[in-house]
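Take a look at the structure set out below.
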Amino acid sequence: MTDPVARDVLVRVAKLSKHFPTKLAWPKTAAAPHVIAWRAVSRMNATVKAVSEVDLEIYQGETLGLVGESGCGKSTLGRTILRLLEPSAGTIEFAGRDLTRLTRRALRPLRREMQMIFQDPYASLNPRMSIGDAIGEPLEIHALAKTSRERAARVQELLARVGLRGDAAERYPHEFSGGQRQRIGIARALACRPRFIVCDEPISALDVSIQAQIVNLLEDLQEAEKLTYLFISHDLKIVQHICDRVAVMYLGRIVELADAKTLYRDPKHPYSIALLSAVPRIDPAKRRDRVILQGDVPSPLSPPPGCPFHTRCPVASKPRACFEELPRLRVLSNGSQAACHVAE
Ligand code: SF4
């Protein structure tokens, strides 16, 4: 974990949305046979609002955690920031350049500087490609190695950097354990000397004994390579350990954004309070009552009006505001930002 002394903004996201058009099946109601047949082929248009109007700044050299229940839009936001998914609305600035205005061709040199580490490195590695070729591929795509000898030397350097032996270059993905495959994924992400890496649940598929090793490796690399991370995870303990600041997402929106220490000590948004109440604490004096949320997360196909959390909120106390007005992020008494009409 680094201390974000310099608060230079590397990534700035404004009103970023990612919506997916989809088709819904008609409800099964009694109807004439020709209507049932017609419904089978014609389906209703609908929109999945995976990410809605996200404003976010990521500072140079920091690790910004992104937490929330699965399906809340964390991975979609990470991929949209890298423009692996095209945004539906809003802007993404990287190092002062608006990525949303760039053509795919103009974006290419910037792609080098923004990489991703995936949850399942096995799925992102071609099983028929040797590890040397997999790590060397980005060097070729971005013409970063003039000769095959130069490329091989850089692959060896990267393998050593992530703690793997040089002979791994000749082997294939199935010959490695989950932790080793994640090291390979990290080496591939590092190949182009990026400045910004989106780490999408990078340890959640690994054994607990291996998780700490990968987290330590990510921290060492951050310091050595001056990296900035967006660290997506549902593991709140790991996020507390590794992140400088944390953004909490619910139903496609950021509902709280705070310094990690402040968030874990004094969460303000009722959703953050419920999430963090599940984190085990060793010190009995710091233990909190567990808040069990009732009901399911509403569908992103039809988010509720007003505050998106109002259907599960245990403290919704301003009926008109909570049920009718969308709360925006605002700065609270402890310096954190929360999107809640009630939090102070
Ligand atoms: Fe709960 Fe109202 Fe705050 Fe939403 S705005 S989190 S419903 S108190």
Side-chain angles (χ1 to χ4, degrees), residues 1-2 63 65-66 70 74-75 78-79 82 84 111-142 144-145 148-235 237-239 241-243:
M1 184 162 62
T2 58
T63 300
L66 190 55
S70 65
K74 306 184 294 286
S75 293
R79 283 171 161 77
L82 296 183
L84 297 176
R111 282 222 180 279
R112 280 206 313 250
E113 303 190 39
M114 305 180 296
Q115 294 292 323
M116 186 149 188
I117 296 170
F118 297 91
Q119 175 180 0
D120 180 2
Y122 196 49
S124 62
L125 291 169
N126 182 339
R128 281 176 292 188
M129 194 182 255
S130 74
I131 299 308
D133 286 343
I135 297 175
E137 190 180 46
L139 299 172
E140 239 159 59
I141 291 171
H142 294 287
L144 294 175
S148 54
R149 178 178 287 196
E150 203 177 305
R151 190 184 87 144
R154 176 77 177 132
V155 168
Q156 288 298 314
E157 190 186 318
L158 287 161
L159 286 170
R161 197 72 202 78
V162 298
L164 291 172
R165 287 175 18 182
D167 61 6
E170 312 304 326
R171 296 161 60 196
Y172 288 82
H174 71 272
E175 299 177 57
F176 294 89
S177 67
Q180 288 171 324
R181 282 184 207 137
Q182 193 52 289
R183 288 175 190 270
I184 293 163
I186 294 170
R188 194 175 143 93
L190 288 178
C192 297
R193 301 186 196 281
R195 295 168 70 188
F196 174 56
I197 301 183
V198 173
C199 307
D200 188 6
E201 302 270 10
I203 56 166
S204 56
L206 305 178
D207 289 348
V208 176
S209 57
I210 307 295
Q211 289 182 348
Q213 294 175 16
I214 298 296
V215 166
N216 290 342
L217 175 63
L218 289 171
E219 287 184 305
D220 291 348
L221 291 170
Q222 181 174 45
E223 200 164 325
E225 311 285 333
K226 306 274 179 284
L227 294 168
T228 301
Y229 292 143
L230 176 64
F231 192 88
I232 298 170
S233 180
H234 63 265
D235 185 332
K237 272 311 249 186
I238 295 288
V239 167
H241 171 77
I242 198 172
C243 296

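Because only heavy atoms are used, hydrogens play no part in the values below, and waters and symmetry mates are left out as well, while side chains stay in.
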Check your understanding: Atom CG in Leu139, atom CD in Glu137: separation rounded to 0.5 Å?
Key -> 10.0 Å

Practice item. Evaluate the criterion salt bridge (Lys or Arg N to Asp or Glu O under 4.0 Å) for residue pair Arg151 and Asp133; output intermediate values, then yes/no. Key: CA-CA 9 Å; Arg151 190 184 87 144; Asp133 286 343; 2.8 Å; yes

Check your understanding: Within the distance-only criterion (no hydrogens, no angle test), does the side chain of Glu170 pair as donor or acceptor with the backbone N or O of Asp167 below 3.5 angstrom?
Key -> no

Point to revise | Gln182 side chain to Asp120 backbone, donor-acceptor under 3.5 Å | key: no

Point to revise | Main-chain N/O of Leu82 paired with Arg111 side-chain donor or acceptor, under 3.5 Å | key: yes

Check your understanding: Where the side chain of Gln156 meets the backbone of Gly166, is there a donor-acceptor pair that is under 3.5 Å apart?
Key -> yes

Exercise for review: Would you check if the side chain of Arg183 reaches a backbone N or O of Val162 as a donor-acceptor pair within less than 3.5 Å?
Suggested key: yes

Check your understanding: So, does Gln119 use its side chain to make a donor-acceptor pair with the main chain of Glu201 at under 3.5 Å?
Key -> no

Study note, to complete from the structure: Per side-chain contact (heavy atoms from CB on, under 4.5 Å), Leu230 is matched among Asp200, Thr63, Leu66 by Leu66

Practice item. Could you tell me whether Arg161 and Asp220 make a salt bridge, using a distance below 4.0 angstrom between a side-chain N and a carboxylate O? Key: no

Review point. Which distance, rounded to the nearest 0.5 Å, do you find between the CD1 of Ile214 and the CD1 of Ile238?
Key: 11.5 Å

Exercise for review: Would you check if Tyr229 and Ile197 make a side-chain contact, meaning some heavy-atom pair closer than 4.5 Å?
Suggested key: yes

Check your understanding: Counting N and O atoms only, with roles assigned by atom type, does the side chain of Arg188 sit under 3.5 Å from a partner on the main chain of Ala134, one being a donor and the other an acceptor?
Key -> yes

Point to revise | Side chain proximity check, Ile242 to Glu219, heavy atoms < 4.5 angstrom | key: yes

Check your understanding: CD1 of Ile131 to CG of Leu125: how many Å apart, nearest 0.5 Å?
Key -> 5.5 Å

Point to revise | Arg181 (side chain) donor-acceptor with Pro173 (main chain) under 3.5 angstrom | key: yes

Check your understanding: About how many Å separate CZ of Arg193 and NZ of Lys226, when rounded to the nearest 0.5 Å?
Key -> 13.5 Å

